Undergrad: 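Following this message is one structure expressed as structure tokens.
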Amino acid sequence: MTQKKLFYIETFGCQMNDRDSEIMAQLLTKASYQSTKDIDTADAIIVNTCSIRGKAEQKAYSLLGALRRRKKDNPALIIAATGCVAQQEGQKMLTRMPHVDLVIGPKQIYQLPELFERALSQPQGIVSIDKPKSFHIPPYLPSLNQGLPYKRFVTIMQGCNNFCTYCIVPYTRGREISRDVKDILAEVRYLAQGGVKEITLLGQNVNSYGNDQTIDQRTNFSSLLRQVAQIKGIKRLRFTTSNPKDLSDELMQCFADIEFLCPHFHLPVQSGSNSVLKKMNRKYTRESYLEKVDKLRLYRPDIALTTDIIVGFPGETDADFAETMELLERVRYHGAFSFKYSSRPPAKSCEFEETVSEDEKAKRLSILQKRQQEITLERNNEYVGSEMELMVEGESRAADGQWAGRSGSNHTVNFMSLEKFVPGQLVRVVITEGCQNSLRGKLVE
Ligand code: SAH
Ligand code: SF4
Ligand code: F3S
């Protein structure tokens, strides 16, 4: 028997890239490669890159750069760059990193095994980043042997049409393309039959799902959610991400009606200042955002809210930043991801004059993160005494008899028990303590 060649994938960025890495692993496995967790033994290395901020791009380049030596010592090694930096840079990446064999865009990953074959006979490298005019996301059934056996992501759309002025995604992932409802439902059914209990529907802006389909064939996001929730075996449903401008009453109603829809909503606000939101082209105001938050809480009082915030956008004044801080107090998010603004050509804001220094950005970020940490801890303590259903994730490494589970609100909850549980099993706990990054609970007998 010939020994199988080994591949290693390093994934940066969002769940889109995670899902693409899964697909690539599956394709290579079918093409008689085998996965390895040890980069040093790999015959092929794929770096799945993210371009969202300058730092993410640097990380990808520094890993690729570090592979130069490996390629010199072993010319048969295949090095492939995929993902958003690959799409954005194309030939430039090969020029800068001539030891890279393949530069592949997100829409070309389905040809990976063929491209690997071709790479062996083309030492000058191959760039495959064309954006096909009509692209149909293949009805790709995931492998049940990869990833977690109880919870999985299902891509429902790719790309983004919003062109927020700071954001590179519409340039790297292209325009919005929704997958066919039947393909999505088939994928969820397949996963459910294989034992998966929790599904997260994935897209850059899931609320505009279906907008690119013809009117007679259109299914909107709320109706898709309702259909997925009916699939036998699915116990939990989540989605990410949503642009607040597209959050409809119909979707809020889903939180009241669909038992399996988890009470967590990631609703990126980016800034609390109307003038900054306008320059960001977010198409909502602070007021309309807050109105939606209030309404969402009417539909689902126990909903946990999380957000993304950018500090130091060009033109952000002290007063603008104070408005963001005020919004934080008003919403009291359960958690927030916050970032220093990073200029990402060709995203439009790269032409705006940067008025906030790196020092000032760092200062604002630290003020914001410190306050948010306090709010998160306060929020976590509000759960003390309440009962929650958890999906068991596994035994905790911290102590014997300690288990970790995830609540519908998306909190990690640790609890002690000498019983054995299977990951994916649902248990009930009463919360006894709120910590900074997790909760502690006690099993309800
Ligand atoms: N589609 C998602 C965002 C995906 S990117 C949405 O619209 O909510 C994840 C987060 O990265 C964004 O919400 C934003 O906060 C941050 N981000 C995007 N571009 C950025 C940039 N140029 N500089 C700093 N942060 C950025
Ligand atoms: Fe980027 Fe805006 Fe699209 Fe989100 S909605 S991916 S921030 S352009
Ligand atoms: Fe990064 Fe591309 Fe995702 S830029 S955040 S990997 S869509």
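All ligand and atom numbering here is 1-based and tracks the order in the structure. None of the values given here were measured: they were computed from a predicted structure.
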Undergrad: Given Glu89 and Tyr61, is the side chain to side chain donor-acceptor pair (under 3.5 Å) satisfied, shown in steps?
TA: CA-CA 11 Å; Glu89 294 277 282; Tyr61 268 121; 2.6 Å; yes
Undergrad: Classify the ring geometry between Tyr289 and Tyr333 as parallel (under 30°), tilted (30 to 60°) or perpendicular (over 60°).
TA: tilted
Undergrad: With a 4.0 angstrom cut-off on heavy atoms, strictly below it, pick out the residues next to ligand 1 and order them by chain and number.
TA: Ile52, Arg53, Tyr166, Gln204, Thr241, Pro268, Gln270, Arg282, Asp308, Ile310, Phe339, Lys340, Tyr341, Ser342, Arg344
Undergrad: Looking at residues at least two apart in the chain, or sitting in another chain, which of them share a side chain to side chain donor-acceptor pair (under 3.5 Å) with Asn243?
TA: none
Undergrad: Would you call the rings of Tyr166 and Phe313 parallel, tilted or perpendicular if under 30° counts as parallel and over 60° as perpendicular?
TA: perpendicular
Undergrad: Please tell me whether Ser208 and Asn205 have a donor and an acceptor in their side chains that are separated by less than 3.5 angstrom.
TA: yes
Undergrad: Are Asp246 and Lys283 ion-paired here, with the side-chain N under 4.0 Å from a carboxylate O?
TA: no
Undergrad: Taking only Lys NZ, Arg NE, NH1 and NH2, and the carboxylate oxygens of Asp or Glu, determine whether Arg226 and Asp257 approach each other closer than 4.0 Å.
TA: yes
Undergrad: With heavy-atom distances below 4.5 Å as the criterion, would you say the side chains of Tyr110 and Ile23 are in contact?
TA: yes
Undergrad: Checking side chain to side chain donor-acceptor pair (under 3.5 Å) for the pair Asn220/Glu250: CA distance, chi angles, key distance, verdict?
TA: CA-CA 10 Å; Asn220 70 11; Glu250 198 186 345; 3.1 Å; yes
Undergrad: With a 4.0 Å cut-off, would you call Glu198 and Lys235 a salt bridge?
TA: no
Undergrad: Between Glu291 and Arg286, is there a salt bridge with N-O shorter than 4.0 Å?
TA: no
Undergrad: Can you report which non-hydrogen protein atom sits closest to atom 7 (S) of ligand 2, along with the distance?
TA: Tyr166 OH, 3.4 Å
Undergrad: Should the pair His334 and Tyr383 be assigned to parallel (<30°), tilted (30 to 60°) or perpendicular (>60°) ring geometry?
TA: tilted
Undergrad: Strictly below 4.0 Å, N to O, side chains only: are Arg236 and Glu259 in salt-bridge contact?
TA: no
Undergrad: List nothing but the number: protein N/O/S atoms under 2.8 Å from atom 2 (Fe) of ligand 2.
TA: 1
Undergrad: Could you give me a count of protein N/O/S atoms that are under 2.8 Å from atom 3 (Fe) of ligand 3?
TA: 1
